[in-house]
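Let me begin by presenting the structure, written as structure tokens, before commenting on it.
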Amino acid sequence: MIVWINGAFGAGKTTTARELIDLVPNSTLFDPEVIGGALTRLLPPKRLAEVGDFQDLPIWRRLVIDTAAAMLAELGGTLVVPMTLLRQEYRDEIFGGLAARRIAVHHLLLAPAETILRARIAGREVPPDLPDGELRVRQWAYDHIEPYRAALASWLTADAHPVDTSALTPYETAVRIAEAVADGTAAPCDIVQTPEPAAETLAAGVLLFDERDRVLLVDPTYKPGWEFPGGVVEPGEAPARAGMREVAEETGIRLGEVPRLLVVDWEPPAPPGYGGLRLLFDGGRLASAEAGSLLLPGPELRACRFVTEQEAAALLPSVRYERLRWALRARERGAALYLEAGVPLG
């Protein structure tokens with residue numbers, strides 16, 4: 001399992017983590033900062049200049065997942081990870097990727113009072129040989145207090161088990177964390193476990209429309225980007241039936257009729273993904289009562305909303321938007337289309 005210690009920059013995560021590995025048998029410290037530091041030497045300066053934080057690099061998030069999984073496969077036991085995560089979509093991507101490998105994550109939040117936090121930041125030691133150390137260490141922490149405050153107000157407090165460290169030493173904080181994990185107070189994160197494919201997959205999505213002909217999109221917790229209701233077709237399962245099953249699981253809507261096929265899109269492999277066939281079906285127009293009875297997002301979904309085609313263009317990754325765009329044209333014409341990488345052929 002993983003004990004992920006979250007909190008604002010300067011909250012004492014790394015110091016607490018070092019204390020915690022002395023308390024938890026067979027535990028190892030894994031600091032994802034190491035991966036960020038390595039990427040500054042591996043990636044071209046031009047690419048690094050495109051982001052303000054190495055967490056914004058998809059390769060960093062992928063390597064955190066892969067490295068944590070590899071360390072646990074090598075060492076077993078518990079991995080203690082001190083790392084600030086303030087963007088919910090990054091948390092969902094990383095924790096979802098770990099869940100796909102059947103790795104339980106206990107999410108802890110160090111939450112000192114802001115006055116205490118600022119005092120600790122002011123007292124942090126800055127390495128004398130670090131260029132621009134004052135700016136890169138201390139000012140960086142100050143600048144991220146506001147994003148931390150916004151995350152607390154929107155999702156972080158409800159997602160993680162908070163530990164008020166205002167009056168605690170790092171050792172006392174580590175004891176609280178060890179106890180919370182051991183007695184189940186800090187339970188493993190409730191996030192869907194979707195095994196990563198080992199070959200090409202067949203996936204079925206279903207388009208559902210409201211009375212204004214807006215299409216329903218969902219925001220899964222286990223992968224980045226908005227999607228259509230649906231998922232991978234299980235062995236021996238008919239694709240349309242798989243789409244109906246996924247719609248019921250994700251939204252609570254049970255379709256009375258088998259949906260009509262709109263597009264078949266071949267998605268080429270893009271390592272580390274394998275690609276495969278992606279089918280979109282027409283689930284029809286929902287009555288206002290049905291549209292209003294959608295289940296609140298659960299472990300699989302962060303959010304769901306009805307959008308226009310123009311709004312979908314701003315939310316969906318380009319390949320999914322092209323798939324949607326041609327599915328809407330097929331719906332208008334009453335004839336299914338065959339696509340390759342979002343481009344119609346034939």
Side-chain angles (χ1 to χ4, degrees), residues 2-14 17 30-40 43 47-68 81-100 103 105-112 114 117 121 136-137 139-163 186 188-192 194 217-227 297-305 314-318 320:
I2 287 176
V3 176
W4 193 289
I5 303 177
N6 204 346
F9 293 98
K13 301 180 297 298
T14 302
F30 167 43
D31 190 346
E33 289 273 0
V34 174
I35 295 176
L39 289 176
T40 62
L43 295 180
R47 178 68 181 109
L48 294 170
E50 293 172 353
V51 299
D53 187 334
F54 58 69
Q55 291 195 10
D56 297 329
L57 293 165
I59 187 175
W60 178 82
R61 303 191 296 274
R62 178 79 191 189
L63 284 174
V64 169
I65 297 168
D66 291 344
T67 305
V81 183
M83 189 72 229
T84 298
L85 283 178
L86 301 182
R87 295 184 60 168
Q88 188 178 15
E89 62 270 30
Y90 292 174
R91 172 270 184 205
D92 290 343
E93 182 180 348
I94 294 171
F95 287 14
L98 293 168
I103 299 171
V105 180
H106 299 259
H107 190 189
L108 283 298
L109 173 66
L110 305 191
E114 186 172 323
L117 175 62
I121 293 173
R136 292 173 58 184
V137 175
Q139 191 58 47
W140 174 269
Y142 283 130
D143 290 345
H144 282 76
I145 288 179
E146 181 55 38
Y148 167 69
R149 193 185 297 137
L152 280 178
S154 58
W155 68 275
L156 187 52
T157 303
D159 187 87
H161 176 74
V163 178
C189 289
D190 184 15
I191 191 166
V192 67
T194 304
L217 297 183
V218 296
D219 188 8
T221 59
Y222 51 88
K223 64 178 178 180
W226 289 76
E227 251 293 10
E300 293 191 24
L301 300 181
R302 188 187 302 117
C304 60
R305 59 189 288 195
L315 292 174
L316 292 172
S318 58
R320 291 179 204 159

Flag the pair [X] / [Y] as yes when at least one side-chain heavy-atom distance between them is below 4.5 Å, and no otherwise.
| X | Y | result |
| --- | --- | --- |
| Met83 | Lys13 | no |
| Arg305 | Leu315 | yes |
| Arg47 | Leu57 | yes |

Using atom types as modelled, flag every donor-acceptor pair under 3.5 Å from a side chain in residues 30-37 to any protein atom, sequence neighbours excluded.
residue, atom, partner, partner atom, Å
Asp31, OD1, Glu33, N, 3.0

[atom2] on [Y] to [atom1] on [X], rounded to 0.5 Å:
| X | Y | atom1 | atom2 | value |
| --- | --- | --- | --- | --- |
| Leu98 | Trp4 | CG | CH2 | 7.0 Å |
| Leu48 | Asp56 | CG | CG | 11.5 Å |
| Leu85 | Tyr148 | CG | OH | 13.0 Å |
| Asp159 | Leu109 | CG | CG | 9.5 Å |
| Trp60 | Ile94 | CH2 | CD1 | 4.5 Å |
| Leu39 | Leu43 | CG | CG | 5.0 Å |

What are the two closest heavy atoms between [X] and [Y], and how far apart are they?
| X | Y | value |
| --- | --- | --- |
| Ile2 | Ala68 | CD1-CB, 4.0 Å |
| Trp155 | Leu86 | NE1-O, 3.3 Å |
| Leu108 | Ala186 | CD1-CB, 3.9 Å |

Donor-acceptor contact below 3.5 Å, side chain Arg320 vs main chain Trp226: yes
Backbone of Thr84 reached by a side-chain donor or acceptor of Gln55 within 3.5 Å: yes
